[in-house]
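Let me begin by presenting the structure, written as structure tokens, before commenting on it.
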Amino acid sequence: MENLKLTSREENYSEWYNQLVLRAELADYAPVRGCMVVRPYGWALWENIQAALDKRFKETGHVNAAFPMLIPESYMTKEAEHVEGFAPELAVVTHAGGSKLEEPLVLRPTSETIIGTMYAKWIQSYRDLPVLMNQWANVVRWEMRTRLFLRTTEFYWQEGHTAHATYEEAEAETLQMLGVYTDFCHNEAAMPVLPGRKSEREKFAGALATYSIEAMMGDTKALQAGTSHFLGQNFAKAFDIKFLDQNNELQYCWTTSWGVTTRLIGAMVMIHGDDQGLVLPPRLAPIQVVIVPIFRKDSEKEAVLEMVAKVQAGLKEQGIRVHVDDREGLTPGFKYNDWEMKGVPLRIEIGPKDVEKNSLALARRDIPGRDGKSFVPYDGFQKTVADMLVTIQDNMLAKAIAFRDAHIFEVDNYEDFKDVVENKGWAKVWWYEDGENEDKIREETKCKLLNFAETEGEGICFYSGRKTNTQVYFAKTY
RNA sequence: CGGGGUGUGGCGCAGACGGCUAGCGCGCUGCGUUUGGGACGCAGAGGUCGUCGGUUCAAGUCCGACCACCCCGACCA
């Protein structure tokens, strides 16, 4: 590393992001264009994300399974809109085993088709319903432009796929999982998101309705952090997923699918990160507390390390993920910067003075510099630290919410709208849904309709002047 | 795919008017001194200069083609 400091966010936001991801050792570029290697620290973060989500999926009655990565090309063409939506970004295997394949195989861009095929086989009766499955997998989409975590050719995600007997039940499932994502983002990732329905223009290829959670990044651009699709009977009809109901009548199932990806990591980087590096929410951080021992002479070393060991053991006992940085030959100052780059929520410094005073020096990652430092008594450190982690988690969410709310503006005319999305953040507007108008706005302002807000009452569409009872968010997006 | 840029030790760069053992900073290895906000000294290791071809007594340097990657636009979780 030639430069000790990161490019600042103000100077060049996307350069800041790239350097941060690399230097925090979350990921690195792979030999194949657009592909990334998720490094152990990044993967540990992903594992914590997975664990928190998986727990919620299980609690809502879902089970995990694994479907194959290779899908017969013909499957992709069975659902008309689905074909169109994915055709340009498919990677296709044409040769294997030393010869040309009878039928090419696509690397899954998503698994509706293969899972639908299997569901058709497994579902016979209303007694088989609902089917509530999820899989943790990798998928491939040949994107034009890629960014580490935000858009890569191959990425990791979970995709839930469910089948139900009724419209109402499937719709309820779609909304339930949107709620699960929202809850996860707020309570685990300290990431405020706005849940809502996508416009017809933006919905998933083949869905009846798509819902999303939208998050505001540190540069006020929007990032779609997760989606939940109500697929209606479109895929059931395309893949023949049928069941006999109580009246012995054959019915098509109602299906859903929903997913979040490693993009969540990119979102966390951009929501919480600062010019010192990553800032991770305690609930998901691979390392929650790092201890930096400080000593000069051997005589000090022994006493310091003894205290370090006691603190480490005490925190471990509390279930806190703690790491002792015992690397030799590095100054404490170097280590502080190093762990700040990696976003560890809390640092404990233990040196001769602390041994002498029976105290600990704490430094909060969410409050940089002197303001985030405090000196606390050794006695009761387990509770002090545990409480501090909760405080940090809460503070991070509150800060992110305050930032987001300060950058959303309600406007009622196109001039103000343009000013807001160009210079200030997100626009919240009354909107009469119209795909053509949406296209025009997108062309003229380079910003997208994110989703529909929760709205009461009615107003006048800022663009068409028509009366409407829906409000939406528009913003520049990743 | 259109526009722009870059390819030289692990990383960041210099060398470009052809010329002799290809440099510098960081990092890495060893030893010693250090250690409360990015330590220092000494000694080392590490490079077919993106690839192929051409010009020349001589190519990192000139010419051509190709490839890769990065940035900016149209598509997307």
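Because the structure is a prediction, the values reported are computed rather than measured.
- Residues A:Cys185 and A:Ile213 form a side-chain contact, since some pair of their non-hydrogen atoms from C-beta on lies under 4.5 Å apart.
- Looking at heavy-atom distances under 4.0 Å, A:Glu349 makes contact with a base.
- Here A:Glu340 lies in heavy-atom contact (under 4.0 Å) with a base.
- Figure legend: cation-pi geometry between A:Arg197 and A:Trp431 absent, as NZ or CZ is not positioned both under 6.0 Å from the six-membered ring centre and within 45° of its axis.
- Spacing between B:C52 and B:C75 at atom P, rounded to whole Å, works out to 40 Å.
- For a distance-only test at 3.5 Å, the side chain of A:Asp338 fails to qualify as a donor-acceptor partner of the base of B:G38.
- Because its NZ or CZ atom is both nearer than 6.0 Å to the ring centre of A:Tyr336 and within 45° of the ring axis, A:Arg347 counts as a cation-pi partner of that residue.
- Evaluation of atom-type donor-acceptor distances gives no pair under 3.5 Å for the side chain of A:Gln276 against the base of B:G38.
- Here the nucleotide nearest the side chain of A:Lys448, chosen from B:C76, B:G38, B:G36, is B:C76.
- Within the nucleic acid shown, A:Lys353 comes within 4.0 Å of at least one base atom, counting heavy atoms only.
- The one candidate from A:Trp136, A:Trp43, A:Trp46 that meets the ring pair (Phe, Tyr, Trp, His ring centres under 6.0 Å) condition with A:Tyr156 is A:Trp43.
- Among the protein residues, A:Leu223 comes within range of no part of the nucleic acid, since none of its heavy atoms lies under 4.0 Å from any strand.
- Between B:G15 and B:A58, the distance separating the two P atoms is 26 Å to the nearest Å.
- When heavy atoms are screened at a 4.0 angstrom cut-off, A:Ala361 is found touching base atoms of the nucleic acid.
- Nucleic acid contact class of A:Gly259 (heavy atoms, under 4.0 Å, all strands): none.
- In this structure, A:Ile294 and A:Phe149 both approach RNA chain B, and ranking their closest nucleotides by distance from the 5' end singles out A:Ile294.
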- Note on the structure: 5' to 3', nucleotides 69-75 of chain B under a 4.0 Å protein heavy-atom cut-off (B base, S sugar-phosphate only, - none) gives SSSSBBB

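- In this structure, CD in A:Gln312 is found 12.0 Å from CD1 in A:Ile320, a value given to the nearest 0.5 Å.
- Note on A:Thr153: nothing from the nucleic acid sits closer than 4.0 angstrom, heavy atoms only.
- In this structure, the CD atom of A:Gln19 is 12 Å from the C1' atom of B:C11, given to the nearest Å.
- A donor-acceptor contact under 3.5 Å links the side chain of A:Lys373 to the base of B:G37.
- No hydrogens or angles were tested; on distance alone, a donor-acceptor pair under 3.5 Å links the side chain of A:Arg347 to the base of B:G37.
- Taking every heavy atom of residues 190-211 of chain A and every atom of RNA chain B, no pair lies under 4.0 Å.
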